[in-house]
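What follows is a short report on a single structure.
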Amino acid sequence: MTNEVKEIFTGAVPAAGTGSKSSGSAPPAPAALAAKVRTLAPSMTRSMQRVAEAVAADPAGCSALTVTGLAELTGTSEATVVRTARLLGYPGYRDLRLALAGLAAQQQSGRAPAVTADIAVDDPIADVVTKLAYDEQQTLADTAAGLDTVQLGAAVAALAGARRVDIYGVGASSLVGMDLAQKLLRIGLIAHAHTDPHLAVTNAVQLRSGDVAVAITHSGSTGDVIEPLRVAFDRGATTVAITGRPDGPVSQYADHVLTTSTARESELRPAAMSSRTSQLLVVDCLFIGVAQRTYDTAAPALAASYEALAHRHTPRGNHR
């Protein structure tokens with residue numbers, strides 16, 4: 001047995017890798033395992049994908065296997081099994097086996113079978129509604145299960161005390177960025193969402209310690225989002241990444257990483273659609289957390305914004 005595998009079996013935690021921080025968080029709960037596989041599989045090597053797909057497809061069977069047995073089952077090596085366990089967030093292979101046993105127990109508790117079929121071109125609209133609703137529910141559940149609440153709490157604390165908040169996103173992520181900005185504005189924070197990459201960098205240059213920069217990128221590799229975040233990071237601002245790829249380049253410049261999940265991509269449901277759902281959940285968690293921390297100022301600010309807009313919601317003809 002290799003030293004690397006021995007290290008995993010004894011529960012030793014390996015040294016931090018090339019990222020900007022070590023998470024220091026507990027291993028994912030059994031319910032989060034399938035979510036982690038769905039989120040991280042696209043960024044894994046093909047051999048690691050085989051291991052991840054095997055444990056997600058048959059948690060009960062794999063929980064009974066030694067590291068050698070799982071390697072033989074998946075046609076990989078013990079070291080690949082070890083690396084996959086680590087990438088999924090478990091400090092040791094025995095921790096992964098315990099999570100697999102827990103997941104198997106949950107699956108045997110009588111839950112209804114999942115809807116797994118992709119949306120077809122000729123699907124009746126009723127089936128489209130059912131499949132989309134299931135995908136949305138699964139995406140939200142996966143994101144909630146895999147969200148690191150320690151990182152979330154730290155991001156909330158930084159936002160609550162920020163002098164200024166800059167938010168970067170392009171494409172579908174820009175819509176999520178604008179949603180976060182308008183929520184923070186309504187509770188009295190100075191927040192701006194930047195969708196133009198040139199203006200994003202220009203604004204990032206003005207940031208300093210006490211400011212917060214938030215980057216939203218599902219792929220974790222969008223250059224137009226990473227560049228302003230890097231500038232903000234270099235200027236001393238606290239940086240937050242909301243991403244579906246926590247091992248992506250964006251994490252190099254993020255003090256806090258909030259991982260999102262996504263439904264399976266298909267021809268009629270690109271990643272941008274399903275990633276938006278999970279991103280909005282994280283944004284709502286950030287907003288509620290900040291509102292709780294700043295309640296004495298947030299509540300009056302929110303009430304004032306409601307009052308200022310109330311006349312726009314009256315029936316036509318009833319206002320002057």
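What you are looking at is a predicted structure, and each value in this text was computed from that prediction instead of being measured. In this chain, numbering begins with 1 at the start of the sequence shown.
Side chains of Ser305 and Arg186: a donor-acceptor N/O pair is present below 3.5 angstrom, by distance only. In the model, Thr239 has a side-chain atom that pairs as donor or acceptor with a side-chain atom of Asp255 under 3.5 Å. Looking at Glu136 and Thr277, their side chains do bring a donor and an acceptor atom within 3.5 Å of each other. Donor-acceptor pairing under 3.5 Å is lacking for the side chains of Arg276 and Gln279.
For the atom pair Thr130 OG1 and Asp135 CG, the distance stands at 11.0 Å (nearest 0.5 Å). Distance CE/Met44 to CD/Glu53: 9.0 Å, rounded to 0.5 Å. Atom OG in Ser278 sits 8.0 Å away from atom CG in Leu280 (nearest 0.5 Å). A distance of 9.0 Å separates OH of Tyr93 from OG1 of Thr68, quoted to the nearest 0.5 Å. Separation of atoms CZ (Arg50) and OG1 (Thr45) is listed at 8.0 Å; rounding is to 0.5 Å.
Annotation for Val67 and Val81: closest pair CG2-CG1, 3.6 Å, computed over non-hydrogen atoms. Smallest separation of non-hydrogen atoms from Ala213 and Ala232: CB-CB, 3.5 Å. Looking at every heavy atom in both residues, Ala60 comes nearest to Ser63 through O-OG, 2.7 Å. A pairwise comparison of heavy atoms in Val290 and Ala160 identifies CG1-CA, 4.0 Å as the closest pair. In terms of heavy atoms, Asp142 sits closest to Ser261 at CB-OG, 3.2 Å. Scanning both residues, Ala144 and Leu281, for their nearest heavy atoms gives N-CD2, 4.2 Å.
Using a 4.5 Å heavy-atom cutoff, the side chains of Leu88 and Thr84 are in contact. Side chains of Leu147 and Val282 form a contact here, defined as non-hydrogen atoms less than 4.5 Å apart. In this structure, the side chains of Gln206 and Arg235 stay at 4.5 Å or more apart for every pair of heavy atoms. For the pair His256 and Gln151, the minimum side-chain heavy-atom distance is below 4.5 Å. In this structure, Leu87 and Met48 have side chains that are in contact, with non-hydrogen atoms separated by less than 4.5 Å. When side chains are defined from C-beta on, Val55 counts as touching Leu70, because their heavy atoms get closer than 4.5 Å. By the 4.5 Å heavy-atom criterion applied to side chains, Ile226 and Tyr168 are not counted as neighbours. By the 4.5 Å heavy-atom criterion applied to side chains, His192 and Ile167 are not counted as neighbours.
Thr260 pairs with exactly one of Val176, Ile242, Ile216, Thr139 by the side chain to side chain contact (heavy atoms under 4.5 Å, CB included) rule, that one being Ile242. Leu159 pairs with exactly one of Leu286, Thr294, Thr238 by the side chain to side chain contact (heavy atoms under 4.5 Å, CB included) rule, that one being Leu286.
Checked by atom type and distance alone, the side chain of Ser77 pairs as donor or acceptor with a backbone atom of Thr80 at under 3.5 Å. Distance alone, capped at 3.5 Å, is enough to place a donor-acceptor pair between the Asn203 side chain and the Leu199 backbone. Checking side-chain atoms of Thr222 against main-chain N and O of Asp224 turns up no donor-acceptor pair under 3.5 Å. Between the side chain of Thr76 and the main chain of Glu72, no donor-acceptor pair closer than 3.5 Å is present. Judged by distance alone, the side chain of Arg245 and the main-chain N or O of Ser219 form no donor-acceptor pair under 3.5 Å. At least one donor-acceptor pair under 3.5 Å links the side chain of Thr243 to the backbone N or O of Thr217. Judged by distance alone, with hydrogens and angles left aside, the side-chain atoms of Arg86 form no donor-acceptor pair with the main-chain N or O of Pro91 at under 3.5 Å.
Comment: Lys131 does not engage Asp127 in a salt bridge, judged by the lack of any side-chain N to carboxylate O separation of less than 4.0 angstrom. Looking at Arg164 and Asp166, a side-chain N of the basic residue comes within less than 4.0 Å of a carboxylate O on the acidic one, giving a salt bridge. Using a cut-off of 4.0 Å between Lys/Arg side-chain N and Asp/Glu carboxylate O, Lys183 and Asp284 are scored as salt-bridged.
Both Tyr90 and Leu73 belong to a common hydrophobic cluster when Ile, Leu, Val, Met, Phe, Trp and Tyr are linked at side-chain heavy-atom distances under 4.5 angstrom. Grouping the Ile, Leu, Val, Met, Phe, Trp and Tyr side chains by contacts below 4.5 angstrom, directly or via other members, places Leu189 with Leu152. Cluster annotation: Leu302 is connected to Leu180 through the hydrophobic network of ILVMFWY side chains, with a link wherever side-chain heavy atoms come within less than 4.5 Å. The cluster map of Ile, Leu, Val, Met, Phe, Trp and Tyr, joined by side-chain heavy atoms under 4.5 Å apart, puts Tyr253 and Val214 in different clusters. Hydrophobic clustering of Ile, Leu, Val, Met, Phe, Trp and Tyr side chains at less than 4.5 Å, counting indirect connections, keeps Leu229 apart from Leu184.
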Check your understanding: Would Ser174 and Thr195 satisfy side chain to side chain donor-acceptor pair (under 3.5 Å), going step by step from the backbone distance to the final call?
Key -> CA-CA 6 Å; Ser174 71; Thr195 59; 5.8 Å; no
